Asks: 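Just dropping this structure here.
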Amino acid sequence: MARGRRPTTDVPAESTTLLLTFVFVALFRLEQNAAYALGITTRQLVTVDAFPLRAIVQLLAPALHATAGHLVSTLVWFVPFGYFLERRTTREDYVAFVVLAGLVTTMLVPAALVLLGLPVGLGVGASGITHALVGRGRAVRVVDLRGPPPQEVLR
């Protein structure tokens, strides 16, 4: 093995965003196949009332997308902001934030919209995760720009 090269078994620290991008694309393809098998569109798939299918759709809702254009537009923002945030936080913190943002945007946001009397689809899902990453990335960047806190505050 050449000097200075990492062994091939090392996982790069910023690989979680790439893995999540692959998961989004794979789930979209699975969603397309399921809709095709049922003879409906991917938009109609989220409104199917058959129990087992509805439960699966609700479980995967944080990663589902209505169209390929929606998937691409989500990933255009998810990849750079996810990578930025992943480099500035620990892997556990990053994964926990993504999972929590997915659950909150899929469950709580639609519930709040119902309480406000606004029409709601299935939920915000991956777009909500992306918006949360953008917001958290901005907050982390502001902290980075301010520099480390004064030593008097830390004592």
Side-chain angles (χ1 to χ4, degrees), residues 1-36 40-47 56-114 116 118-151 153-154:
M1 188 154 82
R3 171 176 253 145
R5 295 184 69 195
R6 291 190 315 200
T8 57
T9 57
D10 284 351
V11 177
E14 297 82 24
S15 63
T16 307
T17 299
L18 182 62
L19 176 66
L20 288 172
T21 301
F22 175 76
V23 168
F24 285 155
V25 172
L27 284 175
F28 179 70
R29 188 64 188 145
L30 180 67
E31 181 183 6
Q32 284 183 317
N33 290 343
Y36 179 77
I40 58 177
T41 67
T42 54
R43 286 186 185 266
Q44 293 170 326
L45 183 64
V46 298
T47 61
I56 292 169
V57 168
Q58 287 289 349
L59 181 66
L60 297 176
L64 297 182
H65 293 83
T67 63
H70 181 226
L71 173 66
V72 169
S73 65
T74 298
L75 292 178
V76 161
W77 293 100
F78 177 81
V79 171
F81 279 96
Y83 181 78
F84 172 81
L85 188 61
E86 187 177 2
R87 292 200 60 194
R88 284 164 174 75
T89 60
T90 64
R91 182 179 301 230
E92 294 80 16
D93 184 39
Y94 177 73
V95 170
F97 180 77
V98 168
V99 169
L100 183 64
L103 292 174
V104 167
T105 58
T106 303
M107 295 177 187
L108 296 180
V109 170
L113 292 175
V114 166
L116 294 172
L118 298 172
V120 178
L122 178 66
V124 180
S127 297
I129 294 171
T130 302
H131 289 298
L133 282 174
V134 170
R136 186 155 185 213
R138 294 286 294 165
V140 168
R141 184 160 171 81
V142 166
V143 170
D144 284 350
L145 291 175
R146 289 184 183 166
Q151 292 299 323
V153 175
L154 294 177

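Counting begins at 1 with the first residue of the sequence. Heavy atoms only: backbone and side chains are in, while hydrogens, waters and symmetry mates are out. Predicted model only: the values in this text are computed from it and were never measured.
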Asks: From T89 OG1 over to F84 CZ, what is the distance, rounded to the nearest 0.5 angstrom?
Replies: 10.0 Å
Asks: Distance check, rounded to the nearest 0.5 Å: R88 atom CZ versus Y83 atom OH?
Replies: 9.5 Å
Asks: Between E86 and S15, what is the shortest heavy-atom contact and its length?
Replies: OE2-N, 3.4 Å
Asks: Any non-hydrogen side-chain atom of L85 less than 4.5 Å from a side-chain atom of F97?
Replies: yes
Asks: Do the side chains of Y94 and L20 get nearer than 4.5 Å, heavy atoms only?
Replies: yes
Asks: Could you tell me which residues satisfy side-chain contact (heavy atoms from CB on, under 4.5 Å) with I40, sequence neighbours excluded, listed by chain and number?
Replies: A35, L38, Q44, L45, V48
Asks: Indicate yes or no: at least one non-hydrogen side-chain atom of L75 is less than 4.5 angstrom from one of V25.
Replies: yes
Asks: Between CG of L71 and CZ of R29, what distance do you get to the nearest 0.5 Å?
Replies: 12.0 Å
Asks: Can you pull out every salt bridge (charged side-chain N to carboxylate O under 4.0 Å, His left out) where at least one residue sits in residues 93-113? Sequence neighbours excluded, please.
Replies: D93-R136
Asks: Give, for atom OG1 of T130 and atom CZ of F78, the distance between the pair rounded to the nearest 0.5 Å.
Replies: 6.0 Å
Asks: Can you name the side-chain contact (heavy atoms from CB on, under 4.5 Å) partners of S73, sequence neighbours left out?
Replies: H70
Asks: If every non-hydrogen atom of I129 is compared with every non-hydrogen atom of F24, which pair is closest and at what distance?
Replies: CD1-CZ, 4.4 Å
